[in-house]
Amino acid sequence: MKKILLVTAGYSIFDAKGQLNSFLSYLTDKTLSKRGYKIKVSDVTKITLDRDRELDKLLWADAIIYITPIMWFNMPAPLVQWLNEVLLYKKTFIITDEYGEGGQVPATHFMIVTTSNMKNSDLGKGFVLKNATHIDDLLQPLIMTNHYLSIRNQIPTFHADNVISGDTSWIESGYIKHLNKHF
């Protein structure tokens, strides 16, 4: 697992400018490159989509790290668009008799790094989050997409929470510790 594709989806909404996601991508690249990992980056909010180039990066990687905010309990539109354009029949998946068993992506691992303004302590509480006791409960579409592509080993999710109204001073050191633990 030495070739990593960073798929970054920083997104500007309300008071958030998407800069934290870009910073987390920078930290990932810097930290893992120093440790001998080869890194390619797809910043889905800034690139003019070249489907072939993006597909080549996806098929090159041993692991994929998605760095994305949670937008209305889902991925932001640019990440969904990237998936729609790059996940191609007979290139990244085929249809099989058993649904979801035709993944063709060679990566074996994925990790989600997510940012949100909810607090981790909000999970499992209130009407909206009562059935979401872990951050991965909100990230099921992206998790299931990776499983469909046969990327079945999920590295634990890193959640930078309460990022608009809370203290964010812990994020850099916490994330580097997370990377060092799992890579």
Side-chain angles (χ1 to χ4, degrees), residues 1-11 18-70 74-96 100-115 135-136 139-160 171-183:
M1 191 174 66
K2 284 293 190 179
K3 300 182 293 186
I4 298 175
L5 173 60
L6 302 180
V7 180
T8 304
Y11 197 71
Q19 296 166 328
L20 177 56
N21 294 283
S22 295
F23 179 66
L24 291 169
S25 181
Y26 163 78
L27 281 178
T28 307
D29 190 352
K30 178 181 166 188
T31 302
L32 296 182
S33 291
K34 283 183 182 177
R35 298 187 56 214
Y37 289 89
K38 292 179 173 62
I39 309 290
K40 292 187 180 182
V41 179
S42 291
D43 186 338
V44 302
T45 57
K46 295 181 180 175
I47 62 171
T48 302
L49 188 63
D50 178 332
R51 178 185 291 156
D52 291 335
R53 184 180 71 203
E54 294 302 307
L55 181 61
D56 286 346
K57 287 191 243 179
L58 179 63
L59 297 176
W60 164 87
D62 297 324
I64 302 165
I65 300 176
Y66 301 91
I67 301 175
T68 181
I70 293 176
N74 208 330
M75 299 171 271
L79 180 53
V80 173
Q81 179 184 354
W82 184 85
L83 292 168
N84 286 342
E85 293 290 329
V86 175
L87 303 183
L88 301 172
Y89 179 59
K90 294 188 179 177
K91 302 260 184 186
T92 61
F93 69 94
I94 58 171
I95 304 301
T96 59
E101 295 302 318
Q104 303 292 303
V105 175
T108 57
H109 292 75
F110 74 99
M111 181 173 81
I112 301 171
V113 178
T114 193
T115 58
I135 195 64
D136 283 353
L139 301 168
Q140 284 303 302
L142 185 53
I143 292 168
M144 292 173 71
T145 297
N146 280 274
H147 291 174
Y148 185 90
L149 298 171
S150 294
I151 311 168
R152 306 280 169 89
N153 300 303
Q154 183 178 1
I155 298 163
T157 300
F158 180 84
H159 178 209
I171 294 172
E172 181 175 355
S173 62
Y175 183 54
I176 290 172
K177 182 178 177 182
H178 185 85
L179 286 172
N180 288 332
K181 179 179 180 180
H182 296 289
F183 288 90

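Across P76 and P69, no two heavy atoms sit closer than the pair CD-O, 3.5 Å. Residues I135 and I70 come closest through the heavy atom pair CD1-CD1, 3.6 Å. Shown here for A107 and A63, the closest heavy-atom pair between the two residues is CB-N, 4.0 Å. Taking each heavy atom of L79 and A9 in turn, the nearest pair found is CB-CB, 4.0 Å. Of all heavy-atom pairs spanning P141 and M75, the tightest one is CB-CE, 4.0 Å. Annotation for I64 and A61: closest pair CG1-CB, 4.4 Å, computed over non-hydrogen atoms.
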Check the pair I4 / F183 against side chain to side chain contact (heavy atoms under 4.5 Å, CB included), numbers first and verdict last. CA-CA 11 Å; I4 298 175; F183 288 90; 3.8 Å; yes

So N21 and T45, side chain to side chain contact (heavy atoms under 4.5 Å, CB included) or not? Walk me through it. CA-CA 11 Å; N21 294 283; T45 57; over 6 Å; no

Apply side chain to side chain contact (heavy atoms under 4.5 Å, CB included) to residues F23 and I171 and explain how you reach the verdict. CA-CA 10 Å; F23 179 66; I171 294 172; over 6 Å; no

Using side chain to side chain contact (heavy atoms under 4.5 Å, CB included), reason through L179 and Y37 one step at a time and then give a plain yes or no. CA-CA 12 Å; L179 286 172; Y37 289 89; over 6 Å; no

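Of the N and O atoms on the side chains of Y175 and T28, at least one donor lies less than 3.5 Å from an acceptor on the other residue.
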Considering only distance and modelled atom types, tabulate donor-acceptor pairs under 3.5 Å from the side chains of residues 87-94, sequence neighbours left out.
from	atom 1	to	atom 2	distance (Å)
T92	OG1	L88	N	2.9
T92	OG1	L88	O	3.2

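With a 6.0 Å radius and a threshold of 12 heavy atoms from other residues, nucleotides or ligands, K2 has its NZ atom above the threshold.
For the salt bridge (charged side-chain N to carboxylate O under 4.0 Å, His left out) condition, no pair includes a residue of residues 23-38, sequence neighbours left out.
The CG atom of D62 lies 11.0 Å from the CD1 atom of I151; values are rounded to the nearest 0.5 Å. With values rounded to the nearest 0.5 angstrom, T68 atom OG1 is found 11.0 Å from L24 atom CG. A distance of 11.5 Å separates CE of M144 from CG of L142, quoted to the nearest 0.5 Å. Taken to the nearest 0.5 Å, the CG atom of D136 stands 4.5 Å off from the CD atom of Q154. Atoms CG and CD, from L59 and Q104 in turn, are 9.5 Å apart once rounded to the nearest 0.5 Å.
Under the side chain to side chain donor-acceptor pair (under 3.5 Å) criterion, R152 pairs with no residue at all, not counting sequence neighbours. For H178, the ring-ring contact (aromatic ring centres under 6.0 Å, His included) test picks out F158, H182, with sequence neighbours left out. Residues meeting the side chain to side chain donor-acceptor pair (under 3.5 Å) test with T8, sequence neighbours left out: S25. Take E172 and apply the salt bridge (charged side-chain N to carboxylate O under 4.0 Å, His left out) test, not counting sequence neighbours, and it matches no residue.
When N153, L5, I143, I155 are each tested for a side-chain contact (heavy atoms from CB on, under 4.5 Å) with F110, only one passes: I143.
Ion pairing between R51 and E54 fails under the 4.0 Å rule for side-chain N and carboxylate O.
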